[in-house]
Structure formats: structure tokens, C-alpha cells
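Notes to accompany the following structure.
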Number of protein chains: 2
Amino acid sequence: MTGGKGIKSLGPYDSTHERILETALGLFSTKGYQGASTREIAQEAGIAEVTLFRHFPSKEKLLQEILSRFSVLPALKAYIPAALELPYEEALVSLADHLLDTLVQIKDWVRIMQAEVQRSPEKLLTVFHGFIDDLFETYASFFRELQQRGTLGDFDPEYAARAFHGIVFCYFSIEELLHRKRYKANDRGEAIRQFMRIFALGTVSRTAAEA
Amino acid sequence: MTGGKGIKSLGPYDSTHERILETALGLFSTKGYQGASTREIAQEAGIAEVTLFRHFPSKEKLLQEILSRFSVLPALKAYIPAALELPYEEALVSLADHLLDTLVQIKDWVRIMQAEVQRSPEKLLTVFHGFIDDLFETYASFFRELQQRGTLGDFDPEYAARAFHGIVFCYFSIEELLHRKRYKANDRGEAIRQFMRIFALGTVSRTAAEA
DNA sequence: TGCCGGTGTAAGTAAGCGCTTACATCGTTT
DNA sequence: AAACGATGTAAGCGCTTACTTACACCGGCA
């Protein structure tokens, strides 16, 4: 009566594998990579520690597998065409809303990246840089298209993308990562609207603004 | 020939104390709190490990002393009056420049805060929240004053402060913390100018913008 | 039926950790 | 000259860590 508990085997990526990954994601994000022990991960996942090492050759490989399995950017990219057809400020608000949703969704991933990127220079940095570059390029293409349509001024679309991202990301970081909720009011929609109003006024073409 | 090396005693905060603090600051920021051992800190500081524990009762207290000894905000605040007398966009650029200088100066401190804030909820979070709130309020007061002078539109100055900070901080974070230098060009001044141009256009009063 | 893959328990390894103790040394102060 | 305070060396304590080995079990499949 000491053996397995009847969990079905479903191939290499069965539920045990997944359970370990998800549990480790949560623990790494709250306690840090060094702060979460393999004993603790196994215990919280409801498995034996030795089982963890049968699925992952080392703790480090477990971390790497966790950090390389998120790909939320395609969904963000796919939304750009729809946003292009909205009125400009409305488009900005909905893009910011989508970005914020996505960031909240991958909150643990972001937290680990931010905390661990110093320690493990090559692997994590490459993944994170790829994510950021891709994100910036996505938003830059949005601004570039609107510039060609004459809606926007003649700023550099890549810097605009960075500014847009900076505003939204820092809001996310302070509210979600640093637990600084309700800084002014618990109204996320209001914050986004205020931010995007400033950003929209700063980027529309002068002639469009005067209309 | 095994004893002290002739370092002068200068009171409770002598050079040994400082050396430990500075070395630990650097190591905590690159390897994380858990990743940097007291042995390693002592070795890099050129002292015996036991000396470290004579200066600091525990590793945790060492971290706390490191994180509570920075106070760069007064300098940032003191610059606001001068900025108020500059043309608006020029003022924004110089404020952003000052903020960026300050962030670079306390880079290690910020890195530790970002990485460790999850693990040690109360102490660090309190210090960091105080820092951020104070920073936001400083910039909000700048916008509030210019609104009263009629230079700016009628946006909420606190959200504007957050947007301003977000743009600058994310630029700093990506360039300095994530080592993503030369994203487009190695010209920090150009980036700030582009950012502040957008921000200025987004916040000036309509009548002032049309002039 | 018998094997096999995945899991469990139990025990243990070598290394590193934060931190302590005991004692020697050296410069300064009294 | 003697005491003192800050530092050094050396050893080690108790504990945790990532990771391993050996063996038992159990369900599904040939």
C-alpha cells in the first residue's frame, strides 16, 4: 500500500509532469529560485521528491523548462488588425487592456524573469530579450501603419512603442508585482483611460488633433 | 604574522563596515540575497567571515542596513523649482535626465529591491512603497503647479506622474537592469528627447499647443 | 501470466549554508 | 607596561541542500 496512487500515464507530458511545472512556477515566483527547495516543490505538488528528479534531471533544467513554455505574444499580435480599425484613442485603450490582461496572466513568469535574470545571464536573458523585442516590434508596427494612414504625427514608432509599453508595464508592475493596489482608486479602467488620453494627445497628428 | 593588517579604527562606521556593505550590495544585486554567501562576501571584501558577523548580527540585518541607507529623493525634489522655470518640454527632458542619473546611481539597490521584494514582504515592501509614493508625489506636484499656471491641460497629475515615471523607468530597466543596451542607438539623449516630445504634446494645454 | 514503466518509501551522500567558539596578533590608548 | 579593541586563523556545529541509490508496489499491456 505504498505504491502509486493510480494516476494514469499519458505520455511524456502527463499530469505529473505538468503538476511539477505548475507548482514550481508558483513557488519560484514567490520565494525565488534559490528560495524554493525541491523538497518543498514536491511536497506541494503531492509527489515524492525522487519523482521530481525522474522528470527533470536537475532543478536548473526545471526552471528552464518553466521559463521557455510561455508564448502569449501571438495572441497580442493577432489583435493588432482589429485595433487598427478603431478610433485611435479607443484602439490604444483596448491595446493597453489586452497587454495588461496578458501580463497578469503570465505574472509568475514575469516575476521569475525579473528576479532571476541577473543570476543566469545567458539562458534567461535570451528568452526575455526575445520577448521584449517582439513585443516592441508588435506595437511599433501598429504605430507605423497609422502613421502611413496619416492619423499620427511623425515620431519614431519604436520609441513610441517603448513609451506605451513603459506606461502599461510600470502600472502592472506596481499593482501586481509590488502589491501596490488601490494607489488612487481601484479602477483599472480609469487608469488606462487617463494614460491613453495623454499618450493619444502626444502622438496624433497636429491636423487630426485640431479637428 | 597572522593578525590585523593595520587598518585604522574610525568608530562604529569605519572602513571595514563600509567595505562589507558595499561588497554585499554588489553581490546581492548580481547573485541575489540567497545566492551570495557570507563566505563569499567576506572573501571579496578582503576580510574574515567572522569579522562580518562581528559587524552585523546576521545576514538578514546586513541586507536591511544596505537597503535602508539610500536617500536620493531629496536631490530629485530639490530640482523641481528650477525645472518649473524652464520651457515645458525642456523641463521634462531635464527631469527625465535627472531621474535616469539617479536610477543608474542606485542601480544595485533597485535590482535587489525588484528581486527580493517578493521574499521579504514587510520590511522591503514598506521601504520600496515609500520610495515610489514619494517619487510619484514629487512629479505630481510639478504637474500640478504647471496646471495652475495654465501651461498644461486638465489631466490628473498623479496619473501623469505615473506615466512619466513608467516611461523613464522602463527605459532604465531594459537598458541597465536587463543589459539591453543599444536597442536602437547608443544615444540616451535621443531616447529621452523622443519620449518627452510625445509626453509634452500629450500634456500641454490645447491653446498653448496651437501657439 | 509476466513484464514494464511510473511511482512510492527509506536512507543516505557530499557539499554548502549561517553562524559560533577559542585563541593569537597587532596598533592604539592609558 | 598593560589593557583594549578590532582583526585574523582554525575548527566546527547543526542544518539544509540538490541529488542518488535500492527496493517495493501497482496498473496496464503483451
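The shown structure was predicted, so the numbers you read here are calculated from the model rather than taken from an experiment. Each chain gets a letter, A, B and so on, in the order its sequence line appears, and its residues count up from 1.
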Who are the salt bridge (Lys or Arg N to Asp or Glu O under 4.0 Å) partners of [X], not counting sequence neighbours?
X     : answer
A:E44 : none
B:K59 : none
A:K61 : none

Let me know the distance between [atom1] of [X] and [atom2] of [N], rounded to the nearest Å.
X     : N      : atom1 : atom2 : result
B:Q34 : C:dG18 : CD    : P     : 9 Å
A:L27 : D:dT17 : CG    : C1'   : 16 Å
B:L52 : D:dA6  : CG    : C1'   : 14 Å
B:H17 : D:dG5  : NE2   : C1'   : 16 Å
B:E40 : C:dA15 : CD    : C1'   : 15 Å
A:R19 : C:dT7  : CZ    : P     : 12 Å
A:I47 : C:dT9  : CD1   : C1'   : 14 Å

Those residues at least two apart in sequence (or on a different chain) that pass side-chain contact (heavy atoms from CB on, under 4.5 Å) with A:F53 are A:T38, A:E49

Applying side-chain hydrogen bond (donor to acceptor under 3.5 Å, both in side chains) to A:E190 and not counting sequence neighbours gives A:R193, A:Q194

Dump every N/O contact between nucleotides 19-22 of chain C and the protein below 3.5 Å, one line per pair.
from: C:dC19; atom 1: OP2; to: B:K59; atom 2: N; distance (Å): 2.7
from: C:dC19; atom 1: N4; to: B:R39; atom 2: NH1; distance (Å): 3.1
from: C:dC19; atom 1: N4; to: B:E49; atom 2: OE1; distance (Å): 3.3

Checklist entry - Parallel, tilted or perpendicular: which describes the rings of A:F164 and A:F199, with under 30° parallel and over 60° perpendicular? => result perpendicular

Do any side-chain nitrogens or oxygens of [X] fall under 4.0 Å of OP1 or OP2 in [N]?
X     : N      : result
A:T51 : C:dG8  : yes
A:H55 : C:dT7  : yes
A:S37 : D:dT17 : yes

Discussion item. Any salt bridge linking B:R197 with A:D154? Criterion: basic side-chain nitrogen under 4.0 Å from a carboxylate oxygen.
Written reply: yes

Under the rule of Watson-Crick or G-U wobble with both distances under 3.5 Å, where | means paired to another strand and [ ] a crossing pair, DNA chain D maps to ||||||||||||||||||||||||||||||

The ring-ring contact (aromatic ring centres under 6.0 Å, His included) partners of A:F172 (sequence neighbours excluded) come to A:F169

ring-ring contact (aromatic ring centres under 6.0 Å, His included) filter on B:F142, not counting sequence neighbours, yields none

query = If you look at every strand shown and take non-hydrogen atoms under 4.0 Å, does A:A36 touch a base, only sugar-phosphate, or nothing?
reply = sugar-phosphate

